[in-house]
> 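This structure is in structure tokens; I'll ask about it shortly.
Numbers restart at 1 for each chain; the letters A, B, ... are given by sequence-line order, proteins then strands. Heavy-atom basis, side chains included; hydrogens, waters and symmetry copies ignored.
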Number of protein chains: 2
Amino acid sequence: MSSAAKTLDLLSHFSDLRPEIGLSQLCRLAGRDKATTYRHVQALEEAGFVEQNPVTKRYRLGPALLQLAQIRERTVPRKAGVEAPLHMLAEATGETAHVAVLSGTTLYALHQLESVKHSTRVLIDVNTFPLHATASGLCALAFGPNELVDLATKTMTRFTPETITTPDALKGEIAITRQRGFAQSSGGYEHDVHSMSAPIFDQTDLFAGTVSVACVATRVTPELTRIIYEHLVLASRGITHNWGGSVPDIIEAAWAGSLTGTEALEPMT
Amino acid sequence: MSSAAKTLDLLSHFSDLRPEIGLSQLCRLAGRDKATTYRHVQALEEAGFVEQNPVTKRYRLGPALLQLAQIRERTVPRKAGVEAPLHMLAEATGETAHVAVLSGTTLYALHQLESVKHSTRVLIDVNTFPLHATASGLCALAFGPNELVDLATKTMTRFTPETITTPDALKGEIAITRQRGFAQSSGGYEHDVHSMSAPIFDQTDLFAGTVSVACVATRVTPELTRIIYEHLVLASRGITHNWGGSVPDIIEAAWAGSLTGTEALEPMT
DNA sequence: CTGTATCGGTTCATATATTGAACCATTGGT
DNA sequence: ACCAATGGTTCAATATATGAACCGATACAG
């Protein structure tokens, strides 16, 4: 692992739940020496990626990130055009909806929205989604570049007793996902969470990301599943359109097969 | 310069004008070896800070930045509460308005807005503002932490014939700025640009950033200067309020002294 | 269809920059 | 007055970064 990679890795320990981190705590989180961590965090501070709270001496993310994010969003608009469909999805299902984007071989969380309908809901608190253990990941494996499958079968970490950990089981699940047009994962990453996911496409008409609903598992019924499927279709079509792409016919056909007898069949006009 | 710093430095070459950069071009921009640059860019890609455009093979900023920027903004809200006052400022003055934030000893560009009133306008295309050569920088020196002055007097790069390059001249300018409540710089960084700047304060009631107007120099008149001053006061009060701070009495007094006989004197009620 | 000049990416011996145990100075709690 | 944290620093040992040279692919001109 290069020194640069270690330095960048420090940033991944910041989150909404832990927005400020002291030097010692950061050492523990990163599992590295204090002197090393200090130099790394200094490099980050120098570049404006973190700044030190003058009163607590703890570190927090810095202003340089805002500029870079702005450039990124202007270069590849992704957040724009996600909000509205996601809002509708969360409202219609009463569950947590989220979108992930594929970059290289990694699936990054882009945006999430929690419905206020129930007092219990799923909180998404990850930066990247494991390919073999989440609905989003399965979706990427089923509809994304083929190389992902080879990669995923190599590192199948077990998160829960339900996690798929054999390549054969994974390939079976991918086949089902392709046929159904939706990915589904029940407690494979976190217990009591049932997720369903549909692919999103961009201006190259290639797989670009996923839109998903993460349910509290005890609430899942055939009826809710049907509602989620229908609205996943709408959200995927909407976001795909906003990203300048179009949903491949083969996907629309798969959705149609999974949703016979509902209005969600008709393509958007 | 640490390897990590060199790696992070690569990111600074991306901008709205140059959102995608190939490996060779990045080498030239960074002035470093190709193998080195390649490894650095790989570390960045690994962390999701850049991604490779699959068709052009060129690199662009990655999705991880969006998450981090979101966390930063939730931790320290800065962009929120800048837009509205900046819009009013740009409209009222007909010139380019921008806000910078101080992090450590560096002044970072946060947001800018160009008025559409004139066909010529100033474009802000920097990430960080030099302390000795811009109105924003002078403002930071006059109203920010004292250590900045020592630092600024050590590295007074000449950008134009008008750039202040002697410590004594700088200290004089700082004194005038403190007394006036506004910083002013005419062509010190870019020729034909005349800038005026007022300080912003945050919840600690310490200097947190600047709000500025960058004018096309040929348009500057005493009348326009007065208008800009008045609206800088309003913008500074507004943003300071949105950042949870309050404008120190000493600053309000300085403004009052510079603007006798106008309505901008009255504090916001 | 051959010669040339790019491009992105890779190799390996060299040597330079990174590392971490031990150390300080401060702070806050008991 | 003590102890256990904290953030920050030092320096010898060595792991890690470096860049000249190289490769294969692509694009273009003659």
> Can you see whether B/T134 engages B/S185 through a side-chain donor-acceptor pair at a distance of less than 3.5 angstrom?
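The answer is no; no qualifying pair exists.
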> Output yes when at least one side-chain N/O atom of A/Y59 is less than 4.0 Å from OP1 or OP2 of D/dT6, else no.
no
> Could you pull out the protein-nucleic contacts involving nucleotides 24-30 of chain C (nitrogen or oxygen on both sides, under 3.5 Å)?
none

> Is any side-chain nitrogen or oxygen of B/Y38 closer than 4.0 Å to OP1 or OP2 of C/dG8?
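So the side-chain polar atoms of B/Y38 never come under 4.0 Å of the phosphate oxygens OP1 or OP2 of C/dG8.
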> When the distance from CZ of B/R39 to C1' of C/dT16 is rounded to whole Å, what number comes out?
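Interatomic distance, CZ of B/R39 to C1' of C/dT16: 13 Å.
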> Rounded to the Å, how far apart are B/L26 CG and C/dC7 P?
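After rounding, the reported distance stands at 12 Å.
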> Do A/T165 and A/R158 have side-chain atoms, one donor and one acceptor, less than 3.5 Å apart?
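Result is yes, a qualifying pair exists.
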> B/S24 side chain: which of C/dC7, C/dG20, D/dG7 is closest?
C/dC7
> Figure out the CG/P separation between B/L23 and D/dA25, and round it to whole Å.
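Computing the B/L23:CG to D/dA25:P distance gives 18 Å.
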> Roughly, in whole Å, what's the span from NZ in A/K6 to C1' in D/dA15?
9 Å
> Rounded to whole angstrom units, what separation is found between the CD atom of B/Q42 and the P atom of D/dT18?
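Answer to the nearest Å: 14 Å.
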> Which residue, B/M1 or A/G22, contacts DNA chain D at a nucleotide closer to its 5' end, judged by nearest heavy atom?
A/G22
> Within this structure, what is the CZ-to-P distance between A/R58 and D/dA5, rounded to whole angstrom?
17 Å
> Can you tell me which nucleotide in C/dT19, D/dT9, D/dG19 comes closest to the side chain of A/H40?
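In terms of side-chain proximity for A/H40, the closest of C/dT19, D/dT9, D/dG19 is C/dT19.
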> Distance alone, cut at 3.5 Å: any donor-acceptor contact between the side chains of A/T166 and A/D168?
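There is no such pair between these side chains.
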> Please list, one pair per line, the donor and acceptor atoms closer than 3.5 Å that link side chains of residues 99-108 of chain A to other protein atoms, with sequence neighbours excluded.
residue : atom : partner : partner atom : Å
A/S103  : OG   : B/E51   : OE1          : 2.7
A/Y108  : OH   : B/G48   : N            : 3.2

> Taking B/A142's backbone N and O only, do any of them form a donor-acceptor pair with B/R178's side chain (distance below 3.5 Å, no angle check)?
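Indeed, once roles are kept as given, a pair shorter than 3.5 Å links the two residues.
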> Flag the pair B/E114 / B/I124 as yes when at least one side-chain heavy-atom distance between them is below 4.5 Å, and no otherwise.
no
> Taking the nucleotide of DNA chain C with the nearest heavy atom to each, does A/S3 or B/K57 sit closer to the 5' end?
B/K57
> Counting any heavy atom closer than 4.0 Å, what does A/R32 reach on the DNA or RNA strands: base, sugar-phosphate only, or nothing?
nothing
> Is any side-chain nitrogen or oxygen of A/Q52 closer than 4.0 Å to OP1 or OP2 of D/dT6?
no
> What nucleotide, of D/dG7, C/dG9, C/dG20, holds the atom closest to the side chain of A/D33?
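It is C/dG20.
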> Taking the side chain of A/R28 as heavy atoms from C-beta outward, which of D/dG8, D/dT6, C/dT11 is closest to it?
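That would be D/dT6.
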> Measure across B/K79 and A/Q70 and return the closest heavy-atom pair with its distance rounded to 0.1 Å.
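Reported closest heavy-atom pair: NZ-OE1, 2.6 Å.
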> Establish, with yes or no, whether the OP1 or OP2 oxygen of D/dG19 is under 4.0 angstrom from a side-chain nitrogen or oxygen of B/T36.
yes
> Which residues satisfy the side-chain contact (heavy atoms from CB on, under 4.5 Å) test with A/A35, sequence neighbours excluded?
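Expected list: A/D33, A/R39.
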> Please state how far atom CD in A/Q25 lies from atom P in D/dG7, giving the value in whole angstrom units.
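Rounded to whole Å, this separation is 9 Å.
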> Would you indicate which nucleotide in D/dA17, C/dT10, D/dG8 comes nearest to any side-chain atom of B/A35?
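Minimum distance to the B/A35 side chain belongs to C/dT10.
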